[in-house]
Each structure stands twice: as structure tokens, then as C-alpha cells.
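In what follows, a structure is listed as C-alpha cells, so that the remarks can point back to it.
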Amino acid sequence: MYKNQIAELIANTINSADFSAETVLSLMIPPKDITLGDICMPCFKLSKIFRKPPMAIAEELAAKIQKPEYVDSITAVAGYLNFKYNAEFLAKKTLTAILEKGENYGKSDIGKDKTICIDYSSVNIAKPFHIGHLSATAIGAALYRIYKELGYNVVGINHLGDWGTQFGKMIVAYKLWGNEDTFKGGVRSLHALYVRFHKEAENDESLNDQARYWFKQIELGEPEAMDLFNKFKKVTLDEVCVLYDRLGVTFDSYNGESFYNDKMGEVLDILNEKGLLKDSQGAKVVELGDNMPPCLLVKSDGASLYATRDLAAALYRARTYHFSKCLYVVAYQQDLHFKQWFKVAEKMGFDWAKDLEHVAFGMVSLAEGSMSSRSGTVVYLEDVINKAVEKAYDIIVEKNANIENKKDIAEKIGVGSVVFSVLTNNRIKDIVFNYDKVLTFEGETCPYVQYTYVRCNSILEKATIGDKVDFSVLCDDTSKELLRYLSNYPNTLIDATEKNEPYLVTRCVLNICQLFNKFYIDNRIIDAPEEIKNARLMLTKAVKTVIKNGFRLLGIQMPEKM
Ligand code: ARG
């Protein structure tokens, strides 16, 4: 807050080519002793240039710099130049801006003219959309919204897993044990066929031969094979889109792996031209040096691989969207895969290779136990969400049986809590999901934030904000800290995109909630004298606004009552 302006003031006063405002900014830190001020600049580096002790320099600067209205005091202490903000001025400025901008507070156009591709959620056809996909979906969608909020042109891509020999197996299984009703049973029925195939193939090797035959038919575009393949796809997407709707998740492209079938030839041609493709026991690989295993791009039977498709997809995205960053929100288990093909892209000489980024995240498992897609014990994300919503419903009934729109409120709390669970900590952390923990109203939880929002709402319903405002009552430590988070919210969004970490937004809002609740306990609002009441109501409204704006970007809705 005002850090840039202060840096500029200092730089102008120093007036030396060696000390730009940017350099000053990089030196500025919060003072060790917060009673000294809100921000300070150590003068030790200046001492070398001006051949004076840092203490003298700090004193000279303190005397010379013209104090702006947002600063209360400028002091020199032990070689540090300290600035103390004028709390009243800042309170007024921050609250006025938030109330004026409302739902646009935090929006900016710093991303104007830049395109960000985000590959996220990336569903596998005919396979369960399980709890493991939660992070890929929630983190990706949050980044999508945050980048958009900052004015970037964002392309959300669902890189469907719609290619591979498993579709040959699916056709065999369907023809043997399935019928039209299978499709009515959705992905669960399709997946049951897949599980059955593996069981039966243990005793009957011919099934695998048939599967290879049918996969070949898909590759050749044979009508019967294509018809079934497309039905598998439709069933999966219809089902997952219902969930996307509930989560408020959208995509601009569903170009999946099969889309690149005719686009890998070019990649292989370039690799050949550059002499990068090496034979290895009949397969083709690119060697990546001592630190990484070679990247396999063509199998000995001529089939392409996951990495081959990713290379073709990246080339297509670079040409189609001219991205300034292309993000892959994918579990850390695929670390090596991304490292390998990013390196291949770099070796191919694509200048966009440096703009590819694997946004990795940790594992999510249910407290009850993990899962495997082969054995069939899968925890569907849909079931987790439904169960969370049901539990939320019970909690609401218990807390307030007469409240209207219980279903709607339960949906917001339940869905929100599931999403929140993967957006609370930095993304690389593994998570064990526990219903009771995520649904409690206390601690760092989604219902806690929603409850705080509702609290703001009910305060604001009871009074209107008048014109006469005494901002000086917002200068106590809690209010000052709260105002600092509120005014820093727009920067938090930028931070979140620089690190691709949506949890920074979650943390900012959580801190705001905690501070506001403390403020609420310590202060009377509605029955305070008029000018004080107005200041406190403005603060309440600003808190409400930032909670709602921040959590909307994370994909979490606020109930108006609960
Ligand atoms: N479908 C893949 C999986 O579930 C994730 C795809 C990620 N995107 C990509 N371009 N590789 O593992």
C-alpha cells in the first residue's frame, strides 16, 4: 500500500542514476519494530555510494522528503528511514474505493493483450471422474477466473483423455456384455465394463487381441467403432458437465488427445529434421542428457504416446492462441512427463517452450482409504459433493430449522466446502479429505467464511450508512490490520497469478474474516454514535464485498442467510 509512491518519493529525493524507484522498492521492508512505522528503507547500500554513514543519510532524507498526506511521520532510526502511514487517511481511501467499486473491486487490466492457456480438469473418457480430479478442476478453474479478473485473455482447455488402447477394450467389453442400457447407467456402467474386461482377460488372452483389433478400427475411423467411441465420449461429457455446472466451471475448448491424431506427424518431422529422434529398440526417443530418462515418442509398433500428443497440442496452442503462458494444472505424479516433453520442446527450438508451466498439485484422498481405477474401488467426485451437500443440509436444519431455501444454502455450503478443501494450502501439499472437518463452522473452513459473510449481511440489513463518517475510529490495531488486508486484496490477486497459487486469495479472505470477527466482538456497530456507526458499517460492507469477490473467483458462492 503506497509502497510504490513512497519508493518514488525516496528515489526523487536521492536523485541518483544508481538508485531508481525500482531499486528503492526492492529494498523496502516492514520495520522490525512495528511501533516505528509501517514500511522502511535501510540506507546501508546508499552509504557506499555517498560515502557517508547510513545514519547520516537516513537523517538527511527524513529531513528532506516532503511528507505526503497519507504519511503521518518520517523518522530516521539507526540507518533506517521509517514511514508511518496516516491510518485515518488510509481507512477513508480504502473503504471509499471498495464501496465505490463493489463487485469490480480487484478487477484490473494488467493482463490486457496477453493470452494465458490453462489446461485443467482434463477428463478421461469412460473413466470415473473421481476425487483425484478435484484439485485439477478447482485449482484450474480458480486460476482461470483470477487471470480473467486481471484482464488477461484466458483460454480454458479440457484436454480430454480420449485416446488409447483402452477404447479397444471398451468396445470389446460393450459388445460382449453391454447394451443400450449401459449408456443410461452413465460412466459407472461403462467403468464396470472396463473392470470386467480386465478380470476376464486374466483367463482369456484372446480378449486382448480383440481389443487391439477394435482399437485399430477406431484408428481407421471404421463406422461401428467410431459410433461406440463417440457414445462413450458423449455419456462421459454429459455426466461431467452436470458437475461442472454445479462447480461453476467452464471451458473454451474440449480438444482432447484424439484431436491431435493428425497433428503429430509435423512434430515428428521437425524432430527428424533437427536430428533429435533416435532409434531405441525399435522405438523412437529423444535423449535428454544425464539427468533425465529419454522421452519416448513413438512405440515400436508405430503408436504415438501421451508426450507426443502433448507436444502436438502445445504447438497447436502456440499457433492458435499465441499464449504468453501455457499452464498445465496436473498432479505432481506427472512431473517427469512434463519435464521431459518441455525439454523436448526447448530442444526443438520453440521459443514458447519457456512459457510452458506445470502447475503441479498434491494428492487428495478420502480419510476412508485410497483407490485404484482397475480394481473398481473409486470415489466419485460427484458422490463426495452430494454427501457434503447432504451433511450441510442436516447442519442447517439443526442450526436453524425455519430458514428458507435450505436446499440452495446447503448446495453453496457443501460444494463450497469441497472446493475450499483444495484451495486452503499451497497446492503441492497432499490432502486427506474429511467431511466433518471441512464442514465445521469454526477454524479455517468454508462455512466459517460464509458465516462471516452472513454476519456482515445481517448487520448491514439493520442500518443504512449515513454521510457523516468518523474514520478516526478505525485506527486501532485490529482495524488497521483488517484495512491492510482489504487494501492489499488487488495485489493478492496479482500474487496469485505470479505464483499460480489460488490459496493466496483464500488466505487473504480468511485473515479478513478472522480480523473482522475480532472487530465485531470488540466493537458496537449498530448502536454506536452516528459517525462512528457509519465508519464501522462501511468497514463491514467492505469486508462483505471482498469476501464475496474473492470467493467468487475461487468458485465458492455465498448464501445471503444461513
Ligand atoms: N487426462 C490426463 C490424466 O488424467 C491429464 C491430462 C493433462 N493435460 C495434458 N495436456 N497432459 O492424467
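Each ligand, and each atom within it, is numbered from 1 in the order the structure gives.
Y448 has its ring centre no less than 6.0 Å from the ring centre of F420. Aromatic rings from Y254 and F251 are positioned such that their centres are separated by under 6.0 Å. Ring-centre distance between W352 and Y321: not below the 6.0 Å cut-off. For an aromatic pair to be called close, the ring centres must be under 6.0 Å apart, and F551 with Y453 fails this. The aromatic ring centroids of Y328 and F338 lie less than 6.0 Å from each other.
Both the sub-6.0 Å distance and the 45° axial angle are satisfied by K263 relative to the ring of F259.
Sorted by chain then number, the residues whose non-hydrogen atoms approach ligand 1 to under 4.0 Å are D119, S122, N124, H159, Y306, D310, Y328, V330, Q334, F338.
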